[in-house]
Number of protein chains: 2
Amino acid sequence: MAEYTGFSKTTISRYFSNPDSVTLENQDKIAHALETLNYKENKLARVMANGKTEIIGVIIPNLYMHYYSNVLDHIISTYEKYGYKFIVFAGKDDADVERRYISELLAYKTEGLIVLSHTLPSKELSAYNIPLVTIEREDKYVCSVNTDNYMGGIQAATILSKSGCDILIHANSDVPEDVPAYGRIKGFKNFCEKNKCDYNILIRDFGKTYDENYAGIKNMFEETEAKYINKTVGIFMSNDTHANILLNIIIKKYGKLPDKYKIVGFDNSPISKEAIVPITTVGQQVDKIADEAMQILTVQINAFKKRKPELLSKPIHKVLTPILIRRETTR
Amino acid sequence: MAEYTGFSKTTISRYFSNPDSVTLENQDKIAHALETLNYKENKLARVMANGKTEIIGVIIPNLYMHYYSNVLDHIISTYEKYGYKFIVFAGKDDADVERRYISELLAYKTEGLIVLSHTLPSKELSAYNIPLVTIEREDKYVCSVNTDNYMGGIQAATILSKSGCDILIHANSDVPEDVPAYGRIKGFKNFCEKNKCDYNILIRDFGKTYDENYAGIKNMFEETEAKYINKTVGIFMSNDTHANILLNIIIKKYGKLPDKYKIVGFDNSPISKEAIVPITTVGQQVDKIADEAMQILTVQINAFKKRKPELLSKPIHKVLTPILIRRETTR
DNA sequence: TTGTACGCGTTATCAA
DNA sequence: TTGATAACGCGTACAA
């Protein structure tokens, strides 16, 4: 303690939390003392006293997929605006591991949790009874922020239809209906039926590794080639990573993207722009997703402080509109 | 406090830190009490008492580049082995911002720092006088773990030479000599001179954004095309992201990778494998880099606890051998 | 404007 | 094997 300056700890404390409650003269003295003693404020002690860690826990499936590292990037960038620090865990799709992560986070008194992993059901998450928000996953019992996937499906179908496709295809895995991504399938389908487009929903599991993805998508492409010989086919892939793989497979065969194929991805992750032919994609507003997540979290945190958990009885679900990014795969 | 179980806090404390120092019978009682009271251990209070936060701060330039998110992924995965949690900041190339991040981290009593950003000179970092390790950056006054870039330069030149190139080109930015990446240039050059290969070091700044990268690399490629008409040219790019851009430019022109071009990247980041033609690359052993960083950090942390800062008088510099990954751009 | 006294939840030390 | 006590650094009354 820096009372070797002659002040009481109270005064020092005031200097930390509200410097102007101390004489200007004494502010100087304390500042000098801190410098010469090389003393650093201990925020953990403050936490002991008032309970605010200003730390939030993040549980993400992995950093390998462009989408997740992109979201994490925007989450940690909110530090400038909200002041929260982030302890980050990568989930590895193992429920017990994630439970341990959450325990650890709770032991550190993080003020809230941001969950991107799909491993634990929202019912279990809500039972922890702490401020929490999920992003793009099943969210029945917890607050969440998601992209309007239904709208995204419609946008994808619309652009493919406008680009003169005879048949519209959407490839997606067998997503449960309670996951936001399911909306993409529904939106795509509804558009096609209303507008009497020929369409085909391909439910395929392309696996978890790149090699599995590649093999699965190649298979799908070859079937499609065989089936729609003289037609212009539009393909809406479930994310940009898969769209890029499909694009590469086609270009490897033809040397370029032939007019008969149109491709739309999802996410607007960097790869969509940097692909050999820039990919048209239904873009998620990742910056806004991160910001909304923080806002929902702060609402909950404040409710907790005021001991008004009623505010949280109904989960808040924020839905953000996707933005179609037109690039060269739909020309 | 859970003494409403009848035990003293000491006993409860023992249960947390070393359950077996309590009777089996009492372990049960306490466990039950914790459950019914929904009581969570408070590790921050422990920190107050014994000083160990088990938190490490990470300062990374961004999560946008594949290499950095890849490294971060491996760093946070060391939790399983070392038990340290990580608070992550993205630096944004602003020195003052990074200084604020470090202050914040110090106020939270993180036990150490891992620095990947290049913004602050190692001399300044070392002045903070806390356990710290850098990865692939200037490291004169601090501990570090780096890839053997000199060896990497040699590996790249060797494979290009073996693949029958008449002229070997290495494109890199104007890296200062004290940055590890400079070794790549030196290694490449030395190999060429010893083996009397025709070579050319192109010092180019390709900029920070993808669009700048693309324009710069396209320029470089067109010059090269004009200059070496009937030769087989081997190009060693300074990282996989750039190698991939070059590859795309070439394929866009020729529809495939012509025999006259051979390409080698650096890092072995995911993009090198997932490129339209899988790219041969000098691979960094990212998993080992993360592990070595943690080991160096724990050595320092222990030295700090024992108040033996002599151990840190000479910075430890760990150098890891790169591994050449042969793929299809050098066939 | 500044100081005193106490509490936050844990660990270390010593004693029983 | 357990308990009592002091201490970690700061916030918060309340008092001066």
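Small disclaimer: the values here were computed from a predicted structure and weren't measured. In what follows, every chain begins at residue 1, and chains take the letters A, B, ... in the order their sequences are listed.
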* Asked: Where does the angle between the aromatic ring planes of A:Y79 and B:F89 fall among parallel (under 30°), tilted (30 to 60°) and perpendicular (over 60°)?
  -> perpendicular

* Using whole Å, report how far CD of B:E41 lies from P of C:dC8. => 18 Å

* Structure fact -> B:L44 atom CG is separated from D:dG11 atom P, nearest whole Å, by 15 Å

* State whether the side chain of A:T110 and the backbone N or O of A:L105 hold a donor-acceptor pair below 3.5 Å, judged by distance alone. => yes

* **Summary of protein contacts for nucleotides 1-7 of chain D, nucleotide by nucleotide, where a base hit scores B, a sugar-phosphate-only hit scores S (4.0 Å, heavy atoms)** => SBBBB--

* Test B:E111 against B:K52 for salt bridge (Lys or Arg N to Asp or Glu O under 4.0 Å), laying out the working first. => CA-CA 7 Å; B:E111 296 193 56; B:K52 297 175 199 166; over 6 Å; no

* To do: May I ask you to check whether B:Y67 and B:Q284 show a side-chain donor-acceptor distance below 3.5 Å?
  => yes

* To do: Start with the C-alpha distance between B:K288 and B:D291, add both sets of side-chain angles, then the distance that settles salt bridge (Lys or Arg N to Asp or Glu O under 4.0 Å), and finish with yes or no.
  => CA-CA 5 Å; B:K288 291 198 181 165; B:D291 192 76; over 6 Å; no

* Describe, in one word, how the ring planes of B:H66 and A:H66 are oriented to each other, choosing from parallel (under 30°), tilted (30 to 60°) and perpendicular (over 60°). => perpendicular

* With respect to the side chain of B:N50, which nucleotide from C:dG9, C:dT11, D:dG11 is positioned closest? -> C:dT11

* Which one, C:dT10, D:dC10, D:dG9, comes nearest to the side chain of B:A45? -> C:dT10

* Is A:Y39 near enough to D:dC10 that one of its side-chain N or O atoms lies under 4.0 angstrom from OP1 or OP2? -> yes

* Atom-to-atom span, CG of A:N42 to C1' of D:dC8 - whole angstrom -> 8 Å

* Would you kindly give the CG-to-P distance between B:N18 and C:dA12, to the nearest whole Å? => 11 Å

* Rounded interatomic separation in angstrom, taking NZ from A:K29 and C1' from C:dT2 -> 13 Å

* **Nucleotide C:dT2, atom P - distance to CZ of A:F16 in whole Å** => 15 Å

* Let me know the distance between CZ of B:R46 and P of C:dT11, rounded to the nearest Å. => 5 Å

* Report the distance from atom NZ of B:K40 to atom C1' of C:dT10, rounded to the nearest whole Å. => 18 Å

* **Geometric cation-pi criterion, B:K43 with A:Y108: 6.0 Å, 45°** => no

